[in-house]
Amino acid sequence: MLRKTTFGLFASAAAALLLAGLVPAQMPPMESPKPFMQRKLVHAQKVLEAIALEDYRGIEHHAQQLSLLSQAATWNVINTPEYLMHSREFRRAAERMRDAAKQKNLDAAALAYMQMTLKCVECHKHVRKVKTARAPLPQRRLHVGGQ
Ligand code: HEC
């Protein structure tokens with residue numbers, strides 16, 4: 001009885017492995033940009049909440065996530081020197097925020113938050129400019145606002 005069950009388990013595991021080998025992997029090589037970009041907003045909102053509530057662990061966590069996002073390959077959808085500069089300054093502001101939380105310095109965390117937020121706006125302005133210049137069709141919609 002036990003033997004049969006064990007064999008059955010092995011057999012189905014083997015069948016599953018076989019199937020997995022036959023079905024080609026559909027995983028994209030990189031995370032798709034839209035949900036990735038939206039995660040910035042989620043962490044930025046959470047970090048503001050943590051700052052407002054003087055929750056240093058929350059600030060540290062979400063600031064670190066923002067810094068990590070800015071280092072992911074999916075972040076670099078545009079490859080202009082200005083985009084790289086905004087990315088770098090964004091990451092530095094996120095890291096200043098994280099370090100301020102470690103030192104339990106709420107004012108420094110709030111200041112770094114504002115500096116980071118300015119980078120959201122500045123980089124999106126740049127992205128719209130680049131995309132407008134590249135877009136051949138007038139009806140093309142931009143994700144960061146504008147027409
Ligand atoms: C260095 C550049 C850069 C910075 C800094 C930046 N973003 Fe973005 N963001 C982008 C790019 C590029 C896109 C994609 C634009 C597109 O596809 O048209 C984007 C798209 C988005 C989107 C739209 C996603 C969708 O639904 O399509 C949101 C929301 C967003 N960013 C939030 C933020 C927030 C919040 C911050 C700051 C905490 C931020 N971004 C900072 C470059 C940046």
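For reference, positions follow the sequence shown, starting with 1. Note that ligands are numbered from 1 as they come in the structure, with each ligand's atoms numbered from 1 the same way. These numbers were taken from a predicted model, which means no experiment stands behind them.
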>> Checking Glu60 against Arg57 for the salt bridge (Lys or Arg N to Asp or Glu O under 4.0 Å) test, could you report, in this order, the C-alpha distance in whole Å, the side-chain angles of both residues, the deciding distance, and whether it holds?
In response: CA-CA 5 Å; Glu60 196 180 327; Arg57 285 185 62 186; over 6 Å; no

>> Pair His86, Lys119 - check side chain to side chain donor-acceptor pair (under 3.5 Å), show working.
In response: CA-CA 6 Å; His86 289 315; Lys119 283 293 134 191; 3.3 Å; yes

>> Assess the residue pair Glu54 and Ile59 against the criterion (side-chain contact (heavy atoms from CB on, under 4.5 Å)); give the C-alpha distance rounded to whole Å, side-chain angles, the decisive distance to 0.1 Å, and a yes or no.
In response: CA-CA 8 Å; Glu54 203 179 351; Ile59 302 172; over 6 Å; no

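Ring geometry, Trp75 versus Phe36: the interplanar angle exceeds 60°, so the pair is classed perpendicular (tilted spans 30 to 60°). A perpendicular orientation is assigned to the rings of His43 and His61, their planes being inclined by more than 60° (bins at 30° and 60°).
Heavy-atom contacts of Val77 reach the following atoms of ligand 1: 12 (C) (cutoff under 4.0 Å). Of all the atoms in ligand 1, the ones that sit under 4.0 Å from a non-hydrogen atom of Ser87 are 1 (C). Residue-ligand proximity, Gln38 to ligand 1, at heavy-atom distances under 4.0 Å covers atoms 24 (C), 25 (C), 26 (O). The distance from ligand 1 to the heavy atoms of Phe90 drops below 4.0 Å at these ligand atoms: 5 (C), 37 (C), 38 (C).
Atom 8 (Fe) of ligand 1 has an N, O or S atom of His124 closer than 2.8 Å. Taking backbone and side-chain atoms together, Leu41 has no N/O/S atom less than 2.8 Å away from atom 8 (Fe) of ligand 1.
Surrounding NZ of Lys40 are more than 12 heavy atoms belonging to other residues, nucleotides or ligands, all under 6.0 Å away.
Of the heavy atoms in His43, none comes closer than 4.0 Å to ligand 1.
Among Ala94, Ser70, Cys120, Cys123, the residue whose heavy atom lies nearest to atom 38 (C) of ligand 1 is Cys120. Comparing Lys34, Lys125, Glu89 against atom 27 (O) of ligand 1, the shortest heavy-atom distance belongs to Lys34.
Met114 meets the side-chain contact (heavy atoms from CB on, under 4.5 Å) test with Leu111; sequence neighbours excluded.
Not a single N or O atom of Tyr83, backbone or side chain, sits closer than 3.5 Å to an N or O atom of ligand 1. Ligand 1 has a nitrogen or oxygen under 3.5 angstrom from a nitrogen or oxygen of Lys131.
How far CZ of Arg96 is from CD of Glu89: 8.5 Å, rounded to the nearest 0.5 Å.
Under a 4.0 Å heavy-atom criterion, Pro33 is not in contact with ligand 1.
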